[in-house]
Protein chains: 2
Amino acid sequence: MTPMPRMKTERARKLAAPATPPPQKQKRLSPGERKRDFIQKAAELFAEEGFGGGTRELANKLGVTQPLLYRYFPSKEELIEEVYRSVFLDRWDPEWDALLADRAVPIRERLERFYCSYTDAIFTRQWLRIYLFAGLKGLDLNSRYIEFVQERILTRIIVEYRHEAGLPPQEKPAAAEMELAWFLQGGIFYYGVRKHLYGLEVLEDKDRVIANALDVFLEGISRLFATSVRMRSAYGRRSVVRDEGAA
Amino acid sequence: MTPMPRMKTERARKLAAPATPPPQKQKRLSPGERKRDFIQKAAELFAEEGFGGGTRELANKLGVTQPLLYRYFPSKEELIEEVYRSVFLDRWDPEWDALLADRAVPIRERLERFYCSYTDAIFTRQWLRIYLFAGLKGLDLNSRYIEFVQERILTRIIVEYRHEAGLPPQEKPAAAEMELAWFLQGGIFYYGVRKHLYGLEVLEDKDRVIANALDVFLEGISRLFATSVRMRSAYGRRSVVRDEGAA
DNA sequence: TGCCTTGATTATCAGTCGATAATTTAGCGT
DNA sequence: ACGCTAAATTATCGACTGATAATCAAGGCA
């Protein structure tokens with residue numbers, strides 16, 4: 001009801017959005033675009049700050065004000081879940097399923113092609129950090145992703161390896177076999193963590209590192225599986241493949 | 001000035017410190033004890049909530065009031081660093097140095113003993129969570145721990161393996177060799193992450209999982225090192241051990 | 001027993017957080 | 001050109017954060 005609220009409004013705008021100085025006329029995006037922008041910038045923010053990153057800082061990255069977020073997401077928690085979905089569920093290339101199961105190609109080459117391509121997709125600072133933040137937060141979506149990895153990658157590795165090695169098929173891989181597949185997965189994964197999370201000096205040729213890891217893994221399990229089949233726990237020596245059931 | 005402020009005080013105390021109901025007379029600890037208690041409970045809190053865990057919640061766990069924290073630590077950040085120190089720097093058993101370097105024992109057995117004992121120390125929910133939180137926060141203390149692992153564990157594994165395999169000694173392990181050692185470390189580490197961070201069903205016999213991983217690793221690298229020595233990059237095939245220098 | 005050091009408490013501040021209600025205004029359809 | 005829908009803003013709330021100053025009181029020492 002008083003004169004000149006004009007000047008004050010102008011100043012408030014400048015202070016509120018210093019991140020994007022030039023494009024001041026950004027207004028009225030379609031709901032779809034706005035929502036996508038929120039999710040994308042939120043992924044960037046949460047990757048750096050964790051899910052505790054502020055909604056105001058997020059709004060600044062978009063050049064809008066903070067309450068606008070709540071026109072598109074009922075709560076911050078729901079934004080987080082959508083970020084999570086966009087980062088994880090949409091990055092699986094269906095091609096990989098076919099690749100891993102293609103018995104016309106030797107298992108060695110299948111695994112090399114898969115892991116080189118798969119790590120191209122997930123070995124980014126953003127993906128790895130959000131993955132770890134989500135794990136620490138205990139989101140159930142994270143557990144579901146792990147189960148996905150277990151079913152779509154690791155179980156297949158065991159099944160396909162056994163097939164190529166001429167070992168008898170099983171209904172389900174033994175727990176000890178799954179642990180060996182996880183050993184491979186974890187060993188490769190940690191390369192990405194060292195490089196992109198810790199920023200350490202690593203051997204830069206990622207595909208060569210993967211190839212070496214696969215050499216070690218496949219040579220290693222071939223000897224292990226061979227002995228376990230040959231002696232069938234005749235010795236008291238560790239027998240790997242025998243199932244003790246999952247806990 | 002009125003009767004019964006007694007009741008109100010009583011209620012306030014109960015609301016403020018519900019964590020430790022019976023010992024209400026806890027007062028006047030020596031500075032040393034109090035400080036240790038703060039660090040220990042802070043480790044528990046930060047492991048669950050991350051370093052964003054509140055100072056009031058921490059005080060509640062101790063049954064004291066929040067400002068008391070600032071008699072022992074100038075700021076929360078400094079408390080975090082002391083927590084970090086107590087969790088990481090004090091858990092290395094000097095015995096492990098001798099164990100890894102003891103050439104009277106076969107490398108296979110040295111590694112098994114070491115990793116079984118080492119993982120007994122670090123495979124706890126608290127250690128793993130603080131380790132990952134610290135990594136995401138980018139604390140330089142974390143980088144220093146990684147370098148420690150690299151020097152005290154991984155370099156030694158390569159050196160000792162090469163010695164036992166009769167390979168010529170090097171001034172420094174090749175970058176590709178360090179990557180293989182990291183592959184082992186990461187593969188074992190991920191077992192702890194799956195169990196204690198994600199709470200997944202794993203094969204419960206940790207020492208057997210480690211033994212299997214070592215079988216695979218040692219068998220694998222023995223073949224790899226042998227071929228690389230035999231053919232010296234005669235083929236165009238990948239040669240592992242040749243150094244390309246660290247980035 | 002009474003004092004005095006110091007551990008511990010109460011009261012409080014300034015800043016930030018997620019979220020809500022009311023208001024403004026951009027831009028399409030007529 | 002106007003008007004209406006809805007995108008975006010301003011203003012604000014209550015809860016919670018780390019931190020400070022002033023006050024209280026436990027317990028060793030005389």
Side-chain angles (χ1 to χ4, degrees), chain A residues 1-2 4-17 20 23-38 41-42 45-46 49-83, chain B residues 5-6 8-17 20 23-38 41-42 45-46 49-83:
Chain A
M1 55 177 70
T2 69
M4 60 173 82
R6 190 174 39 82
M7 207 53 186
K8 189 172 183 184
T9 316
E10 184 62 18
R11 234 189 52 182
R13 164 178 288 282
K14 287 222 160 174
L15 286 174
T20 48
Q24 292 185 352
K25 290 266 181 167
Q26 63 216 342
K27 290 214 166 181
R28 299 261 154 169
L29 274 74
S30 81
E33 284 177 293
R34 200 46 106 192
K35 189 161 185 176
R36 275 193 302 109
D37 288 357
F38 262 115
K41 294 288 183 187
L45 178 68
F46 293 156
E49 313 278 339
F51 298 112
T55 54
R56 278 163 237 268
E57 195 172 348
L58 171 56
N60 274 4
K61 283 171 73 86
L62 283 163
V64 299
T65 53
Q66 178 252 357
L68 187 61
L69 168 67
Y70 294 91
R71 284 192 68 85
Y72 299 97
F73 304 91
S75 73
K76 186 187 176 186
E77 211 60 32
E78 201 128 337
L79 168 64
I80 290 174
E81 287 198 14
E82 294 230 34
V83 165
Chain B
R6 186 176 38 83
K8 186 169 183 185
T9 315
E10 183 63 17
R11 238 191 47 181
R13 167 175 286 279
K14 285 221 161 174
L15 286 172
T20 46
Q24 292 184 353
K25 290 267 181 169
Q26 64 213 341
K27 290 215 164 180
R28 298 257 153 173
L29 276 76
S30 80
E33 284 177 293
R34 204 39 111 192
K35 189 161 184 175
R36 276 195 301 108
D37 288 357
F38 262 115
K41 294 288 183 187
L45 177 68
F46 293 156
E49 314 278 340
F51 298 113
T55 54
R56 277 162 238 267
E57 194 172 350
L58 171 57
N60 274 3
K61 283 170 73 86
L62 284 163
V64 298
T65 54
Q66 178 252 358
L68 187 60
L69 168 67
Y70 295 91
R71 282 192 72 84
Y72 299 96
F73 304 90
S75 72
K76 186 188 174 185
E77 211 59 32
E78 202 130 334
L79 167 63
I80 290 174
E81 287 197 14
E82 294 230 33
V83 165

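Just so we're clear, the structure is a prediction, and the values are computed from it rather than from any experiment. Chain A is the first sequence line, chain B the second, and so forth, proteins listed ahead of strands; every chain is numbered from 1.
- Put simply, OH on B/Tyr72 is 12 Å from P on C/dT6, counting in whole angstrom units.
- With a 4.5 Å cut-off on side-chain heavy atoms, B/Glu77 and B/Phe51 do not count as touching.
- When the P atom of D/dA7 is taken as reference, atom CZ of A/Arg36 falls 15 Å away, rounded to whole Å.
- Between C/dA8 and B/Thr65, no contact under 4.0 Å exists linking OP1 or OP2 to a side-chain N or O.
- Following rounding to the nearest Å, A/Lys35 (NZ) and D/dA7 (P) show an atom-to-atom distance of 12 Å.
- For B/Leu45 and D/dT17, the CG to C1' distance is 14 Å, given to the nearest whole Å.
- Rounded to an integer number of Å, the gap from A/Leu29 CG to D/dA6 C1' is 14 Å.
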Show the distances under 3.5 angstrom between N or O atoms of the protein and N or O atoms of nucleotides 17-21 of chain C.
unit_1 : atom_1 : unit_2  : atom_2 : d
C/dG18 : OP1    : A/Gly53 : O      : 3.4
C/dG18 : OP1    : A/Lys76 : NZ     : 2.5
C/dG18 : OP2    : A/Thr55 : N      : 2.8
C/dG18 : OP2    : A/Thr55 : OG1    : 2.8
C/dG18 : N7     : A/Arg56 : NH2    : 2.6
C/dG18 : O6     : A/Arg56 : NH2    : 2.7
C/dA19 : OP2    : A/Tyr70 : OH     : 2.6
C/dA19 : OP2    : A/Lys76 : N      : 2.9
C/dA19 : N7     : A/Gln66 : NE2    : 2.8
C/dA19 : N6     : A/Gln66 : OE1    : 2.8

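- In this entry the distance linking CZ of A/Arg34 with C1' of C/dA26 reads 12 Å, nearest Å.
- At a cut-off of 3.5 angstrom, the base of D/dA25 holds at least one donor-acceptor pair with the side chain of B/Arg28.
- The strand DNA chain D forms stems, runs of 3 or more Watson-Crick or G-U wobble pairs with distances below 3.5 Å, at C:1-30 with D:1-30.
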| request: Apply side-chain contact (heavy atoms from CB on, under 4.5 Å) to the pair A/Leu58 and A/Leu79, showing each step before the final yes or no. | output: CA-CA 11 Å; A/Leu58 171 56; A/Leu79 168 64; 3.6 Å; yes

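- Atom pair B/Arg71:CZ and D/dA22:P shows a separation of 14 Å (rounding to whole Å applied).
- A/Phe73 comes within 4.0 angstrom of no nucleic acid atom, judged by non-hydrogen atoms across all strands.
- A donor-acceptor pair under 3.5 Å is absent between the side-chain atoms of B/Lys76 and the main chain of B/Gly54, judged by distance alone.
- In summary, of the residues considered (B/Lys41, B/Arg36, B/Arg34), a side chain to side chain contact (heavy atoms under 4.5 Å, CB included) with B/Phe38 occurs for B/Arg34 alone.
- Note: CG (B/Leu68) to C1' (D/dA26) measures 14 Å, nearest angstrom.
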| said: Determine whether A/Tyr72 and A/Asp37 satisfy the following criterion, side-chain contact (heavy atoms from CB on, under 4.5 Å), listing intermediate values before the conclusion. | reply: CA-CA 11 Å; A/Tyr72 299 97; A/Asp37 288 357; over 6 Å; no

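- For the pair B/Glu49 and B/Glu57, the minimum side-chain heavy-atom distance is below 4.5 Å.
- For A/Ala42 against A/Val83, the heavy-atom pair with the smallest separation is CB-CG2, 3.6 Å.
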